[in-house]
Participant: 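Here it is, the structure, as structure tokens.
Letters go in sequence order (proteins before strands), and every chain restarts at 1. The analysis underlying the following values was restricted to heavy atoms, covering all of them including side chains, and did not include hydrogens, waters or symmetry mates.
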Amino acid sequence: MSIEYKLIEEKWRQKWDEAKVYEVEPNEKPAMLVTAAIPYLDMPLHIGHLRTYSTADALARYKRMRGFNVLFPMGFHATGTPVLAIAKRIKNNDVQLINILRNIHHIPDDDIKKMADPYYEVDYFIKVIRQGFIDTLYSIDWRREFVSIEPIFSKMIEWQFGLLKEKGYLVTGRHPVGWCTNENNPVGQHDTKGDTHVKIDELIGIKFKDTSSDAYFVCVTYRPETIYGVTNIFINKDVKYVLAKLNDNSNISNIYLTKEAFENLKYQLNIELIKEIDASELLSKEAINPITNETVPVIPGFFVKADTGSGIVMSVPSHAPFDYVALKRLENEGYKLPSFKYIKILEIEKSEEGKGIGRSIQDQKNVATNEDIPALTYLEIMGIDEKSSEDALELATKAVYSEEAHYGIIIIGEYKGKREPEVRELLKKDLLMSNKAISIYSIMNDGPVYCRCGTKVIIKVVDDQWFINYGDKKWKSKTKEVFNNTVKLYPEKYRHTYNSLLDWIDLRAAERSQGLGTKFPLNPNHVIESLSDSTIYPMLYTFIHILRAENVAPESLKPEFFNYVVYEKGDIEEVAKTSSMNLSTIKKCRESFDYWYKNTSRHSGSDLLANHLLMYLYNHVAIFPEAYMPKQIVANGLVYLEGVKMSKSLGNVDPVSDGIKKYHADPLRMVETTIADIDSNLEVKLDEVISGIYLRNEFLYNLINDLYKFNGKELTHIDYWLYSRLNSKIKAATEYMEKMNFKNAYSEIYFNSFNELNIYLERNGRNSIVIRDYIEAITLMIAPVMPSFAEELWQMLGHSSFVVKEKWPSFDESMINEKIDEAENIIIHTIDDINSIITLTSKIDANKNKKPSSIKIIIADDWKLKAYNKLIEVKNINEVVKELGLEGEKAKFLAQFMPKIKSLIKMHEIESAYMQSAFISAQDYLKSKFNVDIIIEMESTSKSARAQRALPNKPSIEVIWQ
RNA sequence: GCAGGGAUGGCGGAGCUUGGUCAAACGCGCUAGGUUCAGGGCCUAGUGUCUUAGGACUUCGAGAGUUCGAAUCUCUCUCCCUGCACCA
């Protein structure tokens, strides 16, 4: 009979709704607040997203069964730019986007059109996503729903930022951002064409003084340490240069750079154009190396790009392949060069095999002729010369750069003897401190990045930007302390990562010029950045439904109100007056917050580890009193389908609505929460796994229907075995659940159970009471993951209560019988052994065309196991012989274990009589399995020649052929 | 570059926290046999190498070490993945 999931889901969802099972208020039970990162409203969710929510829901349901009063609420996130970006793309008739919405998410064209209005978009997606959560049977208390752009939410954020300011955590500063000069806005990843991430790197521009004027050549480089090897300066002879006035921290100087560079850098430097200059004019000049004070000429370089850095580079032919080749080419063209001295600035540390330069280069083409010029050495061994392409040179440059950074030891100058990366930093600092260089930011992407409007993105340094200063020392150490002392982290193995992230996080933008959200109090033209405004909102769940029920106007929610709710600060009557609210409302809010917020579990995908979860923790430490610190954080891995990551942009998604139709809520929940470890990416062939779950569910369902066919006679060996398995299963599963290890928990609870039930039935287990006890416990334990199916089974088992409100089963330690389990293991091993013996002996000529007629299983005498264990203990045959009073033959038996005695371990003590009864109970089963007579004998009474071969816990087997 | 993580049989992926019962769960694939089985169904056995009785040998990225004993602990090396900020 196949199961009508859709009907079952619908039926129980309605019954739960009617009984308001998930609408909870403070009571005498211990509280637990389970929250998951609220979904972002720029797209409907796909089934991959459900993993986080399903895990949170399963925990919520489990904890309810463990006696907690659990609140699982949900809200929606709309602040920031993505919602706007979608609206804008729809407005611009973005075909790609519209196709996704239409074809994948089945949104009617009419609605798509209306989504050009971001608020329509928000409402629409809330509707879709909420329905998805309902269909997935989450135990959400919907009375507490909110969206992050509604006024009540904003009031909370304003209060939060007031506190952050008060505590001095808000600071202004300089910061480089990707910038669109057309729209005059910062560009984030989804503002760029192809959602390119703008990679920004800090470079250094070293100032070489022009000998013939007071101006400087600004040479931009990654490797200031190569300054010792500079032979000349390269410029591009085909582009326009300018002279500009630079005001660098009121240190005024004139600099040369390309016109294009000027246009870019005016957004990050304080510079003014003085005049344009021809490249040819610069080519007649010389400049002074600020470190070595040597005078070097200005020379044309073919590779110098006008729009990169300043359009001027310093030439280090000894270590830079491009520089070396440029000089070589000039020479070949007949350009008259001075005789440069190529100075080697570092030595490559030798590898164990004694290899120096080129040690990390895999397939070396040639042998180097000259190791005094490293750039040349690399070119030679890589088979590259001045005629090679720029790509080849780029490759060589990378090879040099990485090897020298890895193994380079500086052999010149002030920092002689130190490693290259260290010297780079030291020199950078020196040069900047002494005004011999300026810092310049550059886009590190391969090729230019474009804004969606088509303009090339440049770097702007904003200097009135507000940041949240997560670098604050006290705040940082307090946060780490809370994290390490009070927060349970799942998976625990992220703790190390997390600690280093807590250290790493520093300034973080608090506001931005665009996007939906709460106005930034310190600059009302800006809104609060949307990661910063989603850190403490779980508090809102605890009382927002009270505010709504009492029709409290958002304007009433003054800081005094929040201060009272969170700190119980101030006089409640005063607070009621200032916020024009009922005293009782405020009191209720306070009580509710205090009740729920002491025990929280926070859930999100592991991709939010480095941002949301960090800020969640920091902000909790900043805002809340000790008692309300986070207690638990759960980060789950992502979902892959058929080996491909589910991603909105890839379009390989099943929207939630489709997924539920196709797979049904309960089986899908089962897969998402229990197939993979919580920390690993879930990588499944959904159809395959789901059909496995269908089969198992049907097995359970049918077994309950067939319960009447069984009887309730006296308990036999196999009944005790099933009870033993059940109780140890409950014990193990409960331990796993407590550790948030759903995977292992459910392979015990669910997947292993079918094997056990099958063994039980095959072994002629027929006790309806035993089966019922077993299935009831399974039903209870699958309820957190497959709630409606469990509910259906629970009803079939004759209960009238909701299974989701039942207690998690407890186990009876006395029913766990290791001996019986061990005996079963021995039987299973014996079956394996019989199989391999039959396989092997069937090849014997004498057995050709024959079949086994019977199999003898001969159980070892008790003394063998005793002696064996004793031998392991004392490791001395004589002692065992003496102590147990064994004769010659028996001592000989023990001798076989001596060669490996040190590596053998003790065995479980099972008496031969017990073993015999176990085998007798399995006799029919073995008989039908091998389709032959099974004879069970004891070693002492057996006449078989193989009898004495019986080993402790390993019966001797004799296969008798016809 | 900085930080974090990883490397296991044809594949995916357990086990490694607490070293032994690990030739290594589970699933997929593959092979053989069965099934009144018509087309990705079910059952049984096999699937590192060798083996005429349940055994032996070699394996868990490479190398070295600790130990009676290592996939599991230590060290070195190689390779791979992820994140790096104003962006949800």
Participant: How about A:Phe483 and A:Tyr498: are their ring centroids closer than 6.0 Å?
Facilitator: yes

Participant: Could you tell me whether A:Ser956 contacts a base, only the sugar-phosphate backbone, or nothing, with contacts defined as non-hydrogen atoms closer than 4.0 Å?
Facilitator: base

Participant: Heavy atoms under 4.0 Å, any strand shown: does A:His496 hit a base, just sugar-phosphate, or nothing?
Facilitator: sugar-phosphate

Participant: Pick the P atom in B:rC26 and in B:rA14, then give their distance to the nearest Å.
Facilitator: 15 Å

Participant: May I have the distance from A:Arg495 (atom CZ) to B:rG4 (atom P), rounded to whole angstrom?
Facilitator: 16 Å

Participant: Does a sphere of radius 6.0 Å around NZ in A:Lys418 hold more than 12 heavy atoms from other residues, nucleotides or ligands, not counting ones at 6.0 Å or beyond?
Facilitator: no

Participant: Set out, in order, the CA-CA distance, both residues' side-chain angles and the distance that settles side-chain contact (heavy atoms from CB on, under 4.5 Å) for A:Ile468 and A:Ser532, then state yes or no.
Facilitator: CA-CA 9 Å; A:Ile468 301 181; A:Ser532 309; 3.8 Å; yes

Participant: Quick one: CD on A:Glu511 to CG on A:Leu170, what's the gap to the nearest 0.5 Å?
Facilitator: 9.5 Å

Participant: What integer number of Å spans the P atoms of B:rU66 and B:rG10?
Facilitator: 31 Å

Participant: Aromatic contact between A:Tyr490 and A:Tyr494, with the criterion being ring centroids under 6.0 Å apart: yes or no?
Facilitator: no

Participant: Looking at every strand, decide which applies to A:His77 at a 4.0 Å heavy-atom threshold: base, sugar-phosphate, or nothing.
Facilitator: sugar-phosphate

Participant: Looking at every strand, decide which applies to A:Glu958 at a 4.0 Å heavy-atom threshold: base, sugar-phosphate, or nothing.
Facilitator: base

Participant: Taking only residues two or more places apart in sequence or in another chain, which ones pass salt bridge (charged side-chain N to carboxylate O under 4.0 Å, His left out) with A:Glu873?
Facilitator: A:Lys870, A:Lys906

Participant: Classify the nucleic acid contact of A:Arg946 as base, sugar-phosphate or nothing, counting any heavy atom under 4.0 Å across all strands shown.
Facilitator: base

Participant: What integer distance in Å separates A:Ile828:CD1 from B:rG54:C1'?
Facilitator: 17 Å

Participant: Return the stems involving RNA chain B, sorted by first number, where pairs are Watson-Crick (N1-N3 with N6-O4 or O6-N4) or G-U wobble (N1-O2 and O6-N3), both under 3.5 Å, and runs are 3 or more long.
Facilitator: B:1-7 with B:78-84, B:10-12 with B:26-28, B:29-35 with B:41-47, B:48-50 with B:55-57, B:61-65 with B:73-77

Participant: Within 45 degrees of the ring normal and closer than 6.0 Å to the centroid, is that where the cationic atom of A:Arg602 sits relative to A:Tyr616?
Facilitator: yes

Participant: Picking from B:rU51, B:rC84, B:rU21, which would you name as closest to the side chain of A:Ile905?
Facilitator: B:rU21

Participant: Looking at A:Lys743, I'd like to know whether one of its side-chain N or O atoms comes within less than 4.0 Å of OP1 or OP2 on B:rC26.
Facilitator: no

Participant: Across the strands shown, which category fits A:Pro852 at heavy-atom distances under 4.0 angstrom: base, sugar-phosphate, nothing?
Facilitator: nothing

Participant: How close or far is atom C1' of B:rU44 from atom CG of A:Asn758, stated in whole angstroms?
Facilitator: 14 Å

Participant: For B:rA71 and B:rA85, measure between their P atoms and round to the nearest Å.
Facilitator: 42 Å

Participant: In whole angstrom, give me the gap between the P atoms of B:rA56 and B:rG63.
Facilitator: 25 Å

Participant: Could you give the CG-to-P distance, from A:Leu926 to B:rA45, as a whole number of Å?
Facilitator: 12 Å

Participant: Which way is the base of B:rG40 turned, syn or anti, if we draw the line at 90° from 0?
Facilitator: anti

Participant: Cut-off 3.5 Å, side chains only: do A:Tyr925 and A:Glu762 have a donor facing an acceptor?
Facilitator: yes

Participant: Please give the distance between the C1' atoms of B:rG61 and B:rC2 as a whole number of Å.
Facilitator: 25 Å

Participant: Let me know, please, whether A:Ile957 or A:His829 comes out on the 5' side of the other along RNA chain B by nearest nucleotide.
Facilitator: A:His829

Participant: Would you list the protein and nucleotides 67-71 of chain B atom pairs, both N or O, that sit under 3.5 Å from each other?
Facilitator:
from   : atom 1 : to       : atom 2 : distance (Å)
B:rC68 : O2     : A:Lys902 : O      : 2.5

Participant: In whole angstrom, what separates A:Lys929's NZ from B:rG34's C1'?
Facilitator: 14 Å

Participant: Please check the phosphate of B:rG55 (OP1 and OP2 only) for any side-chain N or O of A:Lys954 closer than 4.0 Å.
Facilitator: yes

Participant: Which is true for A:Leu507 with a 4.0 Å heavy-atom rule: it touches a base, it touches only sugar-phosphate, or it touches nothing?
Facilitator: base

Participant: Below 4.0 angstrom from OP1 or OP2 of B:rA53, is there any side-chain N or O of A:Ser836?
Facilitator: no

Participant: Tell me which one of A:Leu84, A:Ile149, A:Ile86 satisfies side chain to side chain contact (heavy atoms under 4.5 Å, CB included) with A:Pro118.
Facilitator: A:Leu84

Participant: With RNA chain B as reference, determine whether A:Ile831 or A:Thr497 sits nearer its 5' end, using the nearest nucleotide of each.
Facilitator: A:Thr497

Participant: Is it true that A:Lys729 and A:Glu756 have a side-chain N and a carboxylate O under 4.0 angstrom from each other?
Facilitator: yes

Participant: Taking the six-membered ring for Trp, are A:Tyr736 and A:Phe742 ring centroids under 6.0 Å apart?
Facilitator: no

Participant: Could you give the distance separating B:rC30 and B:rG54 at their P atoms, to the nearest angstrom?
Facilitator: 32 Å

Participant: Indicate, with a heavy-atom threshold strictly under 4.0 Å, whether A:Asp506 touches base, sugar-phosphate, or nothing.
Facilitator: base

Participant: Starting from C1' on B:rG4, measure out to CG on A:Leu609 and report it in whole angstrom.
Facilitator: 10 Å

Participant: Strictly below 4.0 Å: does A:Ser500 bring a side-chain N or O up to OP1 or OP2 of B:rA3?
Facilitator: no

Participant: Determine the interatomic distance between C1' on B:rU59 and the same-named atom on B:rC50; round to the nearest Å.
Facilitator: 14 Å

Participant: Examine the side chains of A:His603 and A:Thr52 and answer whether a donor and an acceptor come within less than 3.5 Å of each other.
Facilitator: no

Participant: Write down the distance separating the C1' atoms in B:rU44 and B:rG39, rounded off to the nearest Å.
Facilitator: 23 Å

